[in-house]
Amino acid sequence: MKESEKVVERKLVELCKLNGGMCIKLLSFHINGLPDRMCLFKPAKVIFVELKTTNQKPRPLQLAMHDKLRKLGFRVEVIDTVEQVVNLIEDIMTC
């Protein structure tokens with residue numbers, strides 16, 4: 001079943017808040033390719049999340065930015081289903 005990026009994003013925001021985290025929308029006019037959201041959890045956990053409609057893939061510029069963030073030591077996830085959101089939050093909360 002195809003899920004829109006908006007549906008997946010809403011679920012991510014909802015589950016972050018329900019689990020005591022923040023889900024900040026990243027908007028930049030100067031840095032292209034940034035992931036859509038930065039999720040923050042205690043203690044000092046930061047996860048960048050690129051949201052897509054089901055089966056849609058990141059653009060090359062986005063992949064390059066993901067690589068830069070990973071090289072800095074950050075976790076970057078590309079998520080295109082509500083199920084992946086649920087799995088991500090469960091993983092974060094058990095680490």
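Everything numeric in this text was worked out from a predicted model, so none of it was measured.
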Using the rule that two of Ile, Leu, Val, Met, Phe, Trp, Tyr join whenever any of their side-chain heavy atoms come within less than 4.5 Å, decide whether [X] and [Y] are in one cluster.
X   : Y   : result
L12 : I92 : yes
V76 : I79 : no
M22 : L34 : yes
I47 : M93 : yes

Please report, to 0.1 Å, the donor-acceptor pairs under 3.5 Å made by any side chain of residues 35-44, with sequence neighbours excluded.
residue, atom, partner, partner atom, Å
D36, OD2, L51, N, 2.7
R37, NE, E9, OE2, 2.9
R37, NH1, C23, O, 2.8
R37, NH2, E9, OE2, 3.2

Can you list every ring-ring contact (aromatic ring centres under 6.0 Å, His included) pair that touches residues 62-95, not counting sequence neighbours?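 Only F48-F74 qualify under ring-ring contact (aromatic ring centres under 6.0 Å, His included).
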
What pairs of residues pass the ring-ring contact (aromatic ring centres under 6.0 Å, His included) test when at least one of them lies in residues 75-95, not counting sequence neighbours?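 As it turns out, there is no ring-ring contact (aromatic ring centres under 6.0 Å, His included) pair with a partner in residues 75-95 once direct neighbours are skipped.
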
ask   = Among pairs that include at least one residue of residues 11-23, which meet salt bridge (Lys or Arg N to Asp or Glu O under 4.0 Å), considering only residues two or more places apart or in two chains?
value =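 Only K11-E14 qualify under salt bridge (Lys or Arg N to Asp or Glu O under 4.0 Å).
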
Could you measure the distance from the SG atom of C16 to the CG atom of L88? Nearest 0.5 Å is fine.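 It comes to 7.5 Å.
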
- Task: Could you list the residues that satisfy salt bridge (Lys or Arg N to Asp or Glu O under 4.0 Å) with K71, not counting sequence neighbours?
- Result: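 In terms of salt bridge (Lys or Arg N to Asp or Glu O under 4.0 Å), with neighbours along the sequence ignored, K71 is linked to D67.
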
A side-chain contact here means heavy atoms from C-beta on lying under 4.5 Å apart; do T53 and K2 qualify?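 Yes, side chains in contact.
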
Query - Pairs involving residues 80-94, ordered by first then second residue, that meet side chain to side chain donor-acceptor pair (under 3.5 Å) (sequence neighbours left out) - result: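 Passing the test, one end in residues 80-94: R75-D91.
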
* Asked: Can any side-chain N or O of E3 pair as donor or acceptor with the backbone N or O of V82 at less than 3.5 Å?
  ->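 Judged by distance alone, yes, a pair lies under 3.5 Å.
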
task = For Q62 and R59, work out which heavy atoms get closest and say how close.
result =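 Q62 and R59 have their closest heavy atoms at OE1-N, 2.8 Å.
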
Q: Report the C-alpha separation of E50 and M65 in whole Å, then their side-chain angles, then the decisive distance to 0.1 Å, and conclude whether the side chain to side chain contact (heavy atoms under 4.5 Å, CB included) test is met.
A: CA-CA 11 Å; E50 184 71 54; M65 179 57 73; over 6 Å; no

Who clusters with L61? Use side-chain heavy atoms, under 4.5 angstrom, across I, L, V, M, F, W and Y, and order the result by chain and number.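 Listed partners: none, L61 stands alone.
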
Please table the atom pairs, donor to acceptor, closer than 3.5 Å between any side-chain atom in residues 26-33 and protein atoms at least two apart or in another chain.
residue, atom, partner, partner atom, Å
S28, OG, H30, N, 3.1
S28, OG, I31, N, 2.9

